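Okay, so here's the structure we're looking at.
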Amino acid sequence: MKPFLRDYLKRGIMTSNSWKLGIVTRALGSYVELVNTFRVLSGRRRIAPSELRRYVVKMCLVPAILVATVSFLVFSYVGKELIVLVPLLAGLTFFTVPLVSELLFYMTHIRRLKEDLTYFMVIEGVSPGDDLIKDLEEEYDAMCELLTSLCTEYSRLRLFTRFFPGIRGIKEYIARAPKIMKKTLLEYMVARESASFGTWIYSKFQESLNELKTSSKRALELKVFLSLIVVVINGLTPPLLALTTVLEGRIPQYAYSILTIPSVVLVLSESLSPKILKVSAGASRLSLTSALATVLSVTPLLLGGWGLLATGIFMTVIGVVTTYKILYAYSTFFNLPSILTNLTERLPYAHDPVGLIEEGLGRLRRFSSLASLCYIMLLKSVRQGEVNTSKMITFRGVVDELFSLVKQGTAVRILVLATAIIMPIILSTSVILASSLVTTTADLRTYCFISSALYSIIASIVVFGNYESTLLTGIVLLMLYYLGVTP
């Protein structure tokens with residue numbers, strides 16, 4: 001080949017490679033910019049260039065390796081011809097996990113911001129000050145633990161007002177604020193300019209109380225409905241499928257998949273419940289211990305009967321401690337209406353109102369966001385110099401209605417709990433019947449173990465609102481060991 005032709009082809013190849021590299025670089029730059037956009041919209045800072053490598057390892061590489069490993073093991077068991085899909089799944093995970101996670105963070109931030117604004121308007125409506133922004137600044141430190149999303153947005157607003165004095169800073173923030181925050185601040189500016197701030201605050205107070213009552217009622221009704229579905233599908237279907245296995249001699253292909261969908265839906269609905277309906281034992285170590293116990297619950301699949309016995313004993317011992325603390329938190333939480341009534345009657349005549357509020361709600365607010373809301377509301381009223389009894393009675397009426405709805409769901413919780421206890425007994429009967437008709441029951445025993453253990457975890461979430469307690473799962477594992485239903 002002549003020299004000039006060789007140089008021409010080399011330059012063409014280099015130009016082509018540079019063009020392709022430029023497209024890839026621009027695409028990756030657009031992707032990172034989109035991720036950063038969602039981070040900023042959710043109230044977090046952009047990813048610095050020095051942090052990009054660590055972020056890629058944490059959010060892209062680690063999930064891709066986990067998905068590749070799990071899919072390889074599953075496909076090796078299900079069908080080796082599907083192993084060719086492992087690189088595709090790993091690649092999709094590498095690029096989709098960061099974007100999906102940041103999008104979920106943004107959606108969660110917007111949902112919590114709407115919820116936080118409702119709570120703040122209730123606090124502000126009971127004892128309104130002269131200016132909304134000033135009240136938000138004064139209550140910032142007290143509210144940050146409860147209204148995290150609202151405090152994040154106020155930090156952004158404060159940053160704008162620091163560089164743009166007066167009303168211009170608020171307008172600059174409004175131009176970049178989430179829709180719900182923008183709507184509230186625009187209404188506030190109109191009310192302040194028209195000298196109708198008090199009327200606007202009172203209307204927002206009534207509107208927020210109605211929203212709080214409606215959203216909480218909707219969430220409780222949805223949880224009851226989904227709990228009943230889980231009882232039917234995850235609690236009653238496995239025994240029926242086990243009996244089918246006795247007749248047909250094999251586990252149906254859809255037996256495991258039918259257990260997962262209601263479980264995921266119920267867990268998602270629990271995460272979407274308003275924070276004022278949730279009760280926590282107030283100790284992060286309990287959550288870590290429960291997470292460790294949950295991981296250990298799969299050891300019987302690897303170690304058999306002795307692993308089932310050891311795991312059951314461990315989860316039961318840990319569960320006794322955590323359940324005691326959770327039940328104590330719930331018993332204290334259910335005293336909130338009477339405590340609120342007592343404080344409403346005594347505060348106008350108290351010599352030390354702050355001490356009285358601390359005595360009534362100081363310890364309870366560690367367990368309940370609703371108690372924290374009442375605590376902040378009453379402290380703000382005391383600082384304003386007046387406890388509006390009529391508004392507190394209105395708020396207390398909403399609280400009483402919410403507690404009546406919570407108590408109505410107790411029957412469903414008892415049903416879920418009873419089903420979790422009875423389920424191993426029914427499944428063990430199916431194993432006994434199958435052992436007299438088929439040569440091996442290994443697959444059936446594994447299915448009975450997985451369905452019982454999974455349902456016990458779901459039942460704990462339904463009953464307690466979280467999985468801090470492993471007592472029910474531990475009891476179920478010990479029952480399975482005693483009844484001989486070992487994987």
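All values below were derived from every heavy atom in this structure, side-chain atoms included, with hydrogens, water molecules and symmetry-related copies excluded. Source: prediction; values computed, not measured.
- In this structure a side-chain-to-backbone donor-acceptor pair under 3.5 Å is missing from Arg39 to Val35.
- Tyr188 has its side chain out of reach of Thr184: every pair of non-hydrogen atoms, C-beta onward, lies at least 4.5 Å apart.
- The aromatic rings of Phe367 and Tyr328 stand perpendicular to each other, their planes meeting at an angle above 60°, with 30° marking the opposite boundary.
- Inter-residue side-chain proximity for Leu157 and Tyr154 is flagged as met; some heavy-atom pair is nearer than 4.5 Å.
- When side chains are defined from C-beta on, Tyr375 counts as touching Glu358, because their heavy atoms get closer than 4.5 Å.
- For the pair Asp116 and Ser149, the tightest heavy-atom approach, listed with the atom from each and the gap, is OD2-N, 3.1 Å.
- Val62 approaches Lys58 most closely through the heavy-atom pair CB-O, 3.9 Å.
- One N or O on the side chain of Arg413 and one on the backbone of Val463 form a donor-acceptor pair closer than 3.5 Å.
- Within 6.0 Å of CZ in Arg176 there are more than 12 heavy atoms belonging to other residues, nucleotides or ligands.
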Show me, pair by pair, the donor-acceptor contacts under 3.5 angstrom made by side chains of residues 136-143, not counting sequence neighbours?
unit_1: Glu139; atom_1: OE1; unit_2: Arg383; atom_2: NH2; d: 2.7
unit_1: Glu139; atom_1: OE2; unit_2: Arg383; atom_2: NH2; d: 2.8
unit_1: Tyr140; atom_1: OH; unit_2: Ser155; atom_2: OG; d: 2.9

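- In this structure, the separation between CD1 on Ile313 and CD1 on Ile318 is 12.5 Å, given to the nearest 0.5 Å.
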Evaluate Thr161 against Ile133 for side chain to side chain contact (heavy atoms under 4.5 Å, CB included), listing each step before the verdict. CA-CA 11 Å; Thr161 54; Ile133 303 297; over 6 Å; no
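- Contact annotation: the side chain of Lys179 never approaches that of Ile110 to less than 4.5 Å [non-hydrogen atoms, C-beta and beyond].
- Here the closest heavy-atom approach between residue Val382 and residue Ile357 is recorded as CG2-CD1, 3.7 Å.
- Around the CZ atom of Phe164, the shell of radius 6.0 Å holds more than 12 heavy atoms that belong to other residues, nucleotides or ligands.
- Summarising the geometry, atom CE belonging to Met107 is positioned 9.5 Å from atom CZ belonging to Phe38; distances are rounded to the nearest 0.5 Å.
- Surrounding CZ of Phe225 are at most 12 heavy atoms belonging to other residues, nucleotides or ligands under 6.0 Å away.
- The minimum heavy-atom distance linking Pro178 with Glu153 is given by the pair CD-OE1, 3.5 Å.
- At a threshold of 4.5 Å between non-hydrogen side-chain atoms, the residues Asp135 and Ile123 do not count as touching.
- There is a side-chain donor-acceptor pair under 3.5 Å between Tyr202 and Gln206.
- Taking CZ from Arg156 and CZ from Phe160, the interatomic distance works out to 6.5 Å, rounded to the nearest 0.5 Å.
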If you apply the rule side chain to side chain contact (heavy atoms under 4.5 Å, CB included), what do you find for Thr322 with Leu471, and how did you get there? CA-CA 8 Å; Thr322 54; Leu471 178 61; 5.8 Å; no
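- The OG1 atom of Thr118 sits 14.0 Å away from atom NZ of Lys213, with the distance rounded to the nearest 0.5 Å.
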Begin with the C-alpha distance, continue with both residues' side-chain angles, and end with the deciding distance and a verdict on side chain to side chain contact (heavy atoms under 4.5 Å, CB included) for Met181 and Leu150. CA-CA 9 Å; Met181 197 73 176; Leu150 179 60; 3.8 Å; yes
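- Summarising the geometry of Gly474 relative to Thr316, their closest heavy-atom pair is C-OG1, 3.2 Å, with the distance given to 0.1 Å.
- Looking at heavy atoms from C-beta onward, Ile376 lies out of side-chain contact with Leu147 at the 4.5 angstrom threshold.
- With rounding to the nearest 0.5 angstrom, the CE atom of Met121 is 5.0 Å from the CG atom of Leu132.
- Contact of the Val416 side chain with the Tyr455 side chain is registered, since non-hydrogen atoms from C-beta on lie closer than 4.5 Å.
- Tested against Glu124 for a salt bridge (Lys or Arg N to Asp or Glu O under 4.0 Å), the candidates Lys134, Lys204, Lys380 yield a single pass: Lys380.
- With hydrogens and angles ignored, the 3.5 Å screen pairs no side-chain donor or acceptor of Lys275 with any backbone N or O of Arg112.
- Leu477 contributes atom CG, which lies 6.0 Å from atom CE of Met315 (distance to the nearest 0.5 angstrom).
- Summarising the local packing, NZ of Lys171 is surrounded by 12 or fewer heavy atoms from other residues, nucleotides or ligands at distances under 6.0 Å.
- Heavy-atom minimum distance, Leu146 versus Ser369: CD1-CB, 3.6 Å.
- Using modelled atom types, no side-chain atom of Thr214 and backbone atom of Glu211 make a donor-acceptor pair closer than 3.5 Å.
- Aromatic ring orientation, Phe403 versus Phe334: perpendicular (interplanar angle above 60°, classes split at 30° and 60°).
- Counting non-hydrogen atoms of other residues, nucleotides and ligands closer than 6.0 Å to CD of Glu145 gives a total of 12 or fewer.
- Residues Phe395 and Leu373 have side chains in contact (heavy-atom distance under 4.5 Å, counting atoms from C-beta outward).
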Candidate pair Leu209 and Phe205, rule side chain to side chain contact (heavy atoms under 4.5 Å, CB included), full reasoning: CA-CA 6 Å; Leu209 279 182; Phe205 170 71; 3.5 Å; yes
